[in-house]
Amino acid sequence: MRAGPPSRPGRVEVITGPMFAGKSEELLRRVRRAGFAGLSVEVVHHAVDTRRGAGAVSSHSGLEVPAVPVADVAGLEAHVAATRPGGLDLLAIDEAQFFGPDLVDAVQRFAGLGLVVVVAGLDVTFEARPFEPMPSLAALAESVTRLTAVCSVCGADAAFHERVVAGDRVAEVREARPELVGGAESYVARCRHHLAARPWDRG
Ligand SMILES: [Zn+2]
């Protein structure tokens, strides 16, 4: 006879897609639901992500929850080990693309401890190429939600984002709103028809 499921069945849930797809919003929705269910939840983000302030994860629509900034995968593992050992139900990791390839195995180990691990991050570069570690994490997850943004040219589903190449415009923005440079203002959502450069086209 097969053994029944473990009492704390860990799992991996991936939320991914291009910029402006609402990944953080979906992550926060799941965090809120877990909170309503009385689960113990921890939200972490990479320390490099200071666009919207350290110590919080917020969505473009204004949702915000407290979050712990960590510097790398080793820091993440140390934090999980030190956080209510055995008492944590759900670990949410935002902007996961900053953690690099070591995150893939670390997330599997967290799930092995019985945690529900919700991982949100970009899986595509601004040059329309796969962006690790999210594609590998998606391959090893119980659930994958790939969100799209809205193409800023035509309004179709946008699976990509692209860097705004007009240097003048970036300089203009830098002058007026220095805090926006390097953030959302430098990128636009694009459907595949309106991508300026398609790396898979020959010649
Ligand atoms: Zn379009």
Side-chain angles (χ1 to χ4, degrees), residues 12-33 43 45-46 48-53 56-65 67 92-101 103-104 118-203:
V12 178
E13 302 180 3
V14 164
I15 302 166
T16 194
M19 292 180 73
F20 314 114
K23 298 182 299 299
S24 295
E25 198 168 334
E26 175 60 21
L27 177 123
L28 294 183
R29 190 184 73 84
R30 295 186 196 184
V31 165
R32 276 202 320 277
R33 287 177 55 90
V43 184
H45 68 114
H46 198 283
V48 82
D49 182 31
T50 54
R51 286 173 307 161
R52 288 169 261 165
V57 168
S58 55
S59 70
H60 290 289
S61 69
L63 295 169
E64 185 171 296
V65 298
I93 306 170
D94 196 35
E95 302 288 358
Q97 72 277 356
F98 290 126
F99 286 97
L103 185 65
V104 178
V118 182
V119 193
L122 289 174
D123 65 350
V124 63
T125 70
F126 68 86
E127 293 167 313
R129 282 305 194 191
F131 190 1
E132 293 293 349
M134 295 310 291
S136 292
L137 276 165
L140 303 177
E142 274 75 12
S143 103
V144 179
T145 302
R146 188 166 202 272
L147 301 170
T148 53
V150 176
C151 176
S152 60
V153 178
C154 73
D157 286 348
F160 307 96
H161 61 275
E162 203 161 59
R163 201 200 279 271
V164 172
V165 289
D168 288 352
R169 180 157 184 282
V170 172
E172 229 171 73
V173 171
R174 184 177 291 122
E175 187 111 347
R177 304 280 305 275
E179 75 277 12
L180 293 181
V181 173
E185 296 305 288
S186 311
Y187 297 90
V188 288
R190 287 282 192 259
C191 71
R192 69 176 60 245
H193 179 71
H194 288 115
L195 265 183
R198 299 181 195 97
W200 44 83
D201 282 347
R202 292 217 179 104

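For ligands, and for the atoms within them, numbers begin at 1 and follow the listed sequence. The basis for the numbers below is simple: all heavy atoms, side chains too, and nothing from hydrogens, waters or symmetry mates.
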Side chains of V104 and L140 in contact at under 4.5 Å (non-hydrogen atoms)
yes
Would you call M19 and L122 a side-chain contact if the rule is heavy atoms closer than 4.5 Å?
yes
Going by the angle between their ring planes, with limits at 30° and 60°, are H46 and F99 parallel, tilted or perpendicular?
perpendicular
Supply the atom-to-atom distance D157 CG to R192 CZ, rounded to the nearest 0.5 angstrom.
11.0 Å
Suppose the cut-off is 2.8 Å; how many protein N/O/S atoms fall inside it around the Zn ion (ligand 1)?
4
So W200 and F160, would you call those rings parallel, tilted or perpendicular, with 30° and 60° as cut-offs?
tilted
Is E26 salt-bridged to K23, going by a charged N under 4.0 Å from an acidic O?
no
